[in-house]
There are 2 protein chains.
Amino acid sequence: MYKNEKSDEKFCMHPHGHSRGSHALVSDCADGIPRRLARAFILLFLAEGPSHGYEIARSFRESMPKGFCADPSVLYRMLKSMEEEGLMTSSLEESTSGPPRKVYSLTDDGYEALDMWASGLDGLSELLADFQKRYGRLRKGGK
Amino acid sequence: MYKNEKSDEKFCMHPHGHSRGSHALVSDCADGIPRRLARAFILLFLAEGPSHGYEIARSFRESMPKGFCADPSVLYRMLKSMEEEGLMTSSLEESTSGPPRKVYSLTDDGYEALDMWASGLDGLSELLADFQKRYGRLRKGGK
DNA sequence: ACTAATAGTGACAATTTGTCAATAGCTTAA
DNA sequence: TTAAGCTATTGACAAATTGTCACTATTAGT
């Protein structure tokens, strides 16, 4: 299963149209915000409280732009590798409404990683602000 | 040669420390902002005026955080693939101070792509603002 | 018994990056 | 005149990341 939302429309960030007919289509891009940023949000979710993969996936679906919501297997894979990196630990917990869940919680290294992401993302914000300023100048001044 | 800046310190975004001793080091991360964003800035540079690879590389070095400055070959490769996607065209121009340069300028598709990046990055900015808000709440309230 | 929601794993291909060697033109100074 | 050093670009290969999809398994409701 897991045939989730196909053909996203928003947050297109790499128009690889190959000149389809006359001009690039907007609707043919599937990703959006770089996938790696999902790690930052996973850390944030877990800092707000322990959780398991399926629930984290739901949080993404409910509060993030569609194009940013990875296929569940991608999410699970991230959780696994982040655990291997020592950013979180997991424990199986029985559920009343389905199979047992793997509940993750952050380690100290995980909190540290979150802090580093936070400052890294500050840098990214500045960069984006710069981009937008210069882009805005273009639209006013030239062309 | 091209042995450019080694061991960057800033804009670390993926601490993969594997618990080196006791806690993750900050200085062992080499990337930073996702490389793909460089494409947006390349388009921006070229929208500000035609340019060639070597100069674009210099612009990056001079106005972007170190970790975001790709190895020149990476930059050249991007330019090549973006040209293949029809976002820009190139023409060889003689230089008085070295070998001929490949000067790129944006096509209409290139300007369109820039516009799409601009709106995509708006979305990213919102996402980051959200992250920062939630991260800030954490630091005040809990833990 | 069947279906749907819940919960997670594994394998493989495709794409994107990182790294580094190689080529080549031009300028300056020993 | 030759070597050093900046300018300018290309190419190949390995490593890492991502996308896709099939698969297993438990529980709840009809």
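What you are looking at is a predicted structure, and each value in this text was computed from that prediction instead of being measured. Residue numbers begin at 1 in each chain, while the letters A, B, ... track the order of the sequences.
Between the C1' atom of C:dT17 and the NZ atom of B:K80 lies a distance of 16 Å, rounded to the nearest Å. Taking atom CG of residue B:L92 and atom C1' of nucleotide D:dT10, one finds them 13 Å apart after rounding to whole Å. Nucleotide C:dT16 holds its P atom 14 Å from the CG atom of B:L37, rounded to whole Å. Taking atom CZ of residue A:R35 and atom P of nucleotide C:dT15, one finds them 16 Å apart after rounding to whole Å. Atom pair B:R61:CZ and D:dA8:P shows a separation of 11 Å (rounding to whole Å applied). Between B:L75 atom CG and C:dT17 atom P there is a gap of 12 Å when expressed in whole angstrom units. What separates CG of A:D71 from C1' of D:dC23 is a distance of 13 Å, to the nearest Å. The nearest whole Å value for the distance from the CE atom in A:M82 to the P atom in D:dT18 is 12 Å.
The phosphate of D:dT7 (OP1 or OP2) has no side-chain N or O of B:R101 nearer than 4.0 angstrom. For B:R36 and C:dT16, the shortest distance from a side-chain N or O to OP1 or OP2 is below 4.0 Å. The side chain of B:Y76 places no N or O atom within less than 4.0 Å of a non-bridging phosphate oxygen (OP1 or OP2) of D:dT10.
B:S95 comes within contact range of the sugar-phosphate backbone alone, with a heavy-atom separation under 4.0 Å but no base atom that close. Among the protein residues, B:S73 comes within range of the nucleic acid bases, having at least one heavy atom under 4.0 Å from a base atom.
Relative to the side chain of B:Y54, the nucleotides C:dT9, D:dA8, C:dC20 differ in distance, and D:dA8 lies closest. Of the candidate nucleotides C:dG18, D:dT10, C:dC12, C:dC12 has the atom lying nearest to any side-chain atom of A:R77. With distances taken from any side-chain atom of A:R58 to the nucleotides C:dA7, D:dT18, D:dA8, the minimum falls on C:dA7.
Nearest-nucleotide mapping onto DNA chain D: of B:P100 and A:M78, the residue sitting toward the 5' end is B:P100. Each of B:T96 and A:S97 was matched to the nucleotide of DNA chain C holding its nearest heavy atom; the match closer to the 5' end belongs to A:S97.
Checking B:D109 against B:T107 by side-chain atom types alone, no donor-acceptor pair falls below 3.5 Å. Using a 3.5 Å distance cut-off with no hydrogens or angles, the side chains of A:Y135 and A:R139 do pair a donor with an acceptor.
The aromatic rings of A:F60 and A:F68 sit tilted, their planes meeting at an angle between 30° and 60°. Ring geometry, A:Y54 versus A:H52: the interplanar angle falls under 30°, so the pair is classed parallel (tilted spans 30 to 60°).
Within the 3.5 Å criterion, the main-chain N or O of B:S90 finds a donor-acceptor partner in the side chain of B:E83.
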